[in-house]
Structures are given as structure tokens and as C-alpha cells.
Amino acid sequence: MGRKILFVTTDQQRYDTLGCNGGTLARTPVVDRLAADGIRYTRAVPQSVVCMPSRSTIVTGQHPSTHGVWMNGVALPVDAPSVAAELHRAGYRTALVGKAHFEPFIDPFGRFTENLLAGGEAETAQTAWADGTIGPHRGFDHLEFAAHGAVGMLHYARWIAVNHPEASGMYYAAVDAALNVNSAGGGDTDAPQVKVNPIPREWYHTEWVADRTIAWLDSLAADDDWFCWMSFPDPHHPWDPPEAEMERIDWRDVPLPAGYPTDRAEREAILDAKPRHWRQWYDGTLVSNYEAPRGWVPASLTDDQVREVNARNAVECELIDEALGRVLAAIEARGWGDDVDVIFTTDHGELQGDFGLLFKGPYHVDALMRLPLVWRPAPSAGVAPAVIDQPVGLIDLAPTFAAIAGLPARDWMHGHTLPADAAEVAARPVEHVLTEWDSELFGVGVYLRTITRPGWVCTAYKPGYVHDGTEGELYDLEHDPLQRTNLWDDPGYASIRSDLLAELHDHEPPVHQPRLELDAPV
Amino acid sequence: MASVRRTVQIHRPPEDVWAHIGDPASIATWFPGIEAATVEGTRRVITTRSGLPIPEVIVTHDDLQRRFQYRLDLPLVSSHLGTIDVIGLEDGSSLVVYSTDCEPDPLAIVIGGATGGALAEIRRQLEPRTGGAA
């Protein structure tokens, strides 16, 4: 019997929303305890700052260039490598409960397995694997899906439709009648993607994900080895937690985030020192990411809207923490507590007011790039608690799961096992982590390549709709933790910039051929 | 208005390709995600795998040019034109071009993605040994 793995992801959660990372708004005692007992990473970096490429990196252990999911709406091929398939082959029971999003959501033709599974009786589907054999879809022998609301084809939406049909209209409508991401405001401040949601907490998707995870765990034999990816859709917008839970935090009391320059002139001067698409989005003249509502102009963002968004986001984080606590209690009740590794992270961050912006896009700064990551090894493994400051990536998760299961990392996994102590940090073959952005939306192409090293983050822009290929960003993470001063053109940092770019270009990942097509906006 | 164009080269003469896809009622046999199609005059109704019926208006059905054009007739869709062209190439093969011009814009991406799947399926059916993506 091996170590079991509970892999917990949230969606679009900032590093500073956890108490263990210095957050003061949301109370997250469950994750804080895992961090105290395990390993907390202070510089975990995604390989993409949007969902589908980042989640594809988690399951394949590859950069977006290599697995081919270069932007949201590009489906991960069904025969892509999968660490879940490796674990399944080794005898693990494997499940993914919650948000998958390896395949597009908007799918009127029913082309994608994730969208069809809920309509059938099967727990999963049999599909091709990377080695040509046929097995459970992406290696998961149990799949139950949820997204950010109760509309659509996934399991949670169908559960609401059957059991609580009156709740389906309680959520914010994530897209409008024209299939654009909704810009309608709500709440007390008319903030975009905010809604007062009267749904009872027990019907909310966070509770459903925890309930279904517990139900799957309860179906297992005591001596099963298992890998369970519990994937919460929150705190990704829309920000519409159960309204009864908003009693926890009065948004009027929420301090403005450090990353939000309250003085408009200062804010706009900071944006003007960055590549031009920053200011263009702020002014509403360029939208390069589908998930940024086209009808919303960031320059209209008010202090109170930032407060309300952060309050609702914090409540969602607290609900996740409490749901995780329920699952951990269920694991203890099964007698598995000493043998379960728990890894908690997210797919990417959220601007949440930084620079006067919300949501996400081609902006490789800490708001989107610095992620919560906690690994609490199974107590039976006897791993000492630690804090690791070395940059690590979500690309490192697949080989880490393999290592926990006692399996070798496969050669298609391009990351490295997460370091558990200083000696393992020193033994890592690379010090950097890479992040990519490619997007082509209605004729607007934006392409970024970023390297994160201890103390530095450097982004090079490829030629595109608004960039000529000479632009970039360089930040000193130690002296400029809010990334307000772009050193790209500062002659005093030319040598550092040159070294970082050389390392970036020397380690460009293999490129998937042929280039995969965009199948949906998200 | 957004415009999406997908193409595929098929190593079969254009008349063979057109014979395979030129009948508007045949679409369910080569368009993944479309389960059924009925045609009455210039009206076609397709039903998707998710159970969604979509009425369409046939705009052009030209066997000489090997061109087929249609419009979606849905309240959600303010404007749409789908165009399939089968073009003979000098080497005797065919270039199939499937264009989608649509408003609202996001729908063009969704339909365009599905047309890419259709072109791949047409090639798979007509070139069973090679298959391949569009």
C-alpha cells in the first residue's frame, strides 16, 4: 500500500489570500495548518495565467508550447500524456471532482467528452492514451464536473437542475446573450461580475465539490491507493458566493490592496511605463483576453468596487478552506490520515485591483504569477516542515505526484520534483521557471515569454498586434515587490536583462506540431 | 462581425469531394456533433449532439462552382454566413475551404472550431489511410 494523494486546486486564487502567506482578509486555518505541518512555497509560478493551458500543464507536466494548449478554447488532445494515467496504470484509483477544463466549455455541438459525460451513466469514458492504449479518459476512472455556475452540461449544473431547479438562475450569468463575458455589475457597488446570490450554502458548488469528493472516497476500499484531484471553481469570478455568508466580511471595512494605487495619476503613470497593451486595456481601447469583459473599462473601477470584489473573493476562499476541512475530516475518519499527501494550489492568480485592474490577461506580474502552493507530505513519510523560496512551477506537480507514488518521472514530464528542503533546492537542475502567453482574439495577437529566477522576473514580447518585438518588462522582486517600476529599458540593468533573456531563449520548450486550433472562446 | 476560415487539402478529385458533401442533407454524416439534418426547399434544420435544433436558410447550392452557403436562423445570431468551397488543385487534389462569418463574434469561434472538426472528418472519410486534422 502506497501513499495516497489529495490534490486540491482552486481557480484564480492569489498568493496573498491565504493566512499562511500573510493574508489578513480571509481566514484559512485549514490550509494554514497544512502549511505549518508541511512545505510552503513562496514563489510558485504557473506556466500560463489562464485556465486551460495551466491545467493542461498540471496534468501533462509540460509547458503550453509542448502540450499545445496555447490559449483558452484550445482543447488538450485526448491522447496527451497524463500523470493520472501513470498513476492509474500503477494501480491507483483516480478521480477528478470539480472543474477540469481541459476541453472547452462552450460546446453546442457536444464535441468534447467533458461536456458529454454528465449526460450518460458512465463515471468516465474510454479514450486513447499517449501510448496508444485505451483507458479511462485522461487516466481518471471517475469524473464529476462543476464550473462557475449552474448553467451548462456538467454534473453540477444537472444536479441543480434536477434537485434545486429554482437555484439555476440565482448565479451570475457568466456570459451575456452575445456570448461575451458579462460586464454587468451588481452587489452594493455595481462591480463587474458581482451578484447577490441567494443560493443556500449547501447547494453552492464549493459544497458540492467537497460532498462528491467525500462520496467518491467513501466508495473506495480501505487498502486502495488513490489520487483524487479535488478542483474548486472558486474564487474565480463571478464573485457571487452565498449571500448569507457575506456576513463574515463587511466590504466597507476591507482595506485597499497594496497593489492598488489609489491615486489615479500615479496608477496611470505606472501603467504608461509598461508595454502599451496595459494602458490600452485600462482605457478600454484593447481587449486581448476573452475573459476580460468586453463591455467593462478598467479605468472606471472605483475604490469601493475593489473593496467589494476582495470581500466576496475572501468569503469564497473561506468556504473553500472549510470544505477542505470537511474532506480532511472524512479522510481521518477512514483511517487514512497518516498516509495521505495533500497538495494545495491554484491554476493562476487574479489582478483583483492591482494596477487598477481586475480579472486576468497578458500581464506577467505577481497578481497572476505568484501562486499559493502548499505540500503537506503524508505524516508517515516523516518530512520536516519547510518554507521554500526557490521558484518552482506547476509543471513540477506531475513528477511530484509520480515521486509520491514511488514512480519514476517519465521523460515527457519536463518539470522536476518539488524540493522539500534546502538540499533538494540545491540539487535542482534549474533555478528558473518559464511562463508563456499566446492569444489570438478577433485579430488581436499577443505573445509573451517570461522567465522567473530568484529575485527577478523578465518578460519578452514577441511581435503582435500592438507589440513590435522590442518591448519587455523587467522587475526586481526584492526591491520592487509590487512590480511598479519596469527596468526593461534601464541601462543600469542591461546586463541582468541580457542574462535573463539568454537563459530564457536557451530553454525554450519543444513546440507541439501541428499547432492546435482554437475551438471555442473558453 | 468575426470571420473564421478553416481549410484542408484532400487527395481526391473535387468532383469526388463534392459528391460526398454537396448534398445539404448529408451533413450529419460528416460533421461531428450534428446528429440529424432535414431539408425542405431552402430550409434546413440540423440537430446537434447536445440536442439543440438549429434552423438554417440555404443561400447558395451551386454544383458547378462546388459552393454551398447557408445562414443560421436563430434569435441569438444577428448575422451569419457559412460557406463551403471545394476547389480543384493542379495536382488533382482538392482544397476544401469552410468559412464562417458571424455576429456575435464569440459564436464564430465556436462554429469555426466545429467546422475544423468537420474538415478533419471529411478527410478521414475520403482518405481513410491518412486521416489528419484540419
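We use all heavy atoms of the structure for the numbers below, so side chains are in, but hydrogens, waters and symmetry mates are not. Given the structure is predicted, the values throughout are model-derived calculations rather than measurements. Per chain, numbering begins at 1; letters A, B, ... match sequence-line order.
Heavy-atom pairs under 4.5 Å with chain B were tallied for A:Gly119, A:Gly443, A:Pro108, A:Ala75; the largest tally goes to A:Pro108.
In this structure, CZ in A:Phe109 is found 5.0 Å from CD1 in B:Ile54, a value given to the nearest 0.5 Å. Rounded to the nearest 0.5 angstrom, B:Ile111 CD1 and A:Asp519 CG are separated by 13.0 Å. Rounding to the nearest 0.5 angstrom, the gap separating the CD atom in A:Glu517 from the CD1 atom in B:Ile109 is 12.0 Å. One distance of note links CZ of A:Phe442 with CG of B:Asp105; it measures 4.5 Å at 0.5 Å rounding. Here the CG-CG distance, from B:Leu76 to A:Leu179, works out to 5.5 Å after rounding to the nearest 0.5 Å.
Annotation for B:Arg5: atom CZ does not count as buried by contact number, only 12 or fewer foreign heavy atoms lying within 6.0 Å. For B:Glu40, the CD atom sits in a loose shell: 12 or fewer heavy atoms of surrounding residues, nucleotides or ligands are nearer than 6.0 Å.
A:His277 meets the ring-ring contact (aromatic ring centres under 6.0 Å, His included) test with A:Tyr363, A:Tyr461, A:His467; sequence neighbours excluded.
Residue B:Leu52 touches chain A through its side chain alone, counting heavy-atom pairs closer than 4.5 Å. With a threshold of 4.5 angstrom between heavy atoms, A:Leu441 approaches chain B through side-chain atoms but not through N, CA, C or O.
A donor-acceptor contact shorter than 3.5 Å is absent between the side chain of B:Ser50 and the backbone of A:Gly110. Using modelled atom types, no side-chain atom of B:Arg49 and backbone atom of A:Leu116 make a donor-acceptor pair closer than 3.5 Å.
Inter-residue side-chain proximity for A:Ile106 and B:Pro106 is flagged as unmet; no heavy-atom pair is nearer than 4.5 Å.
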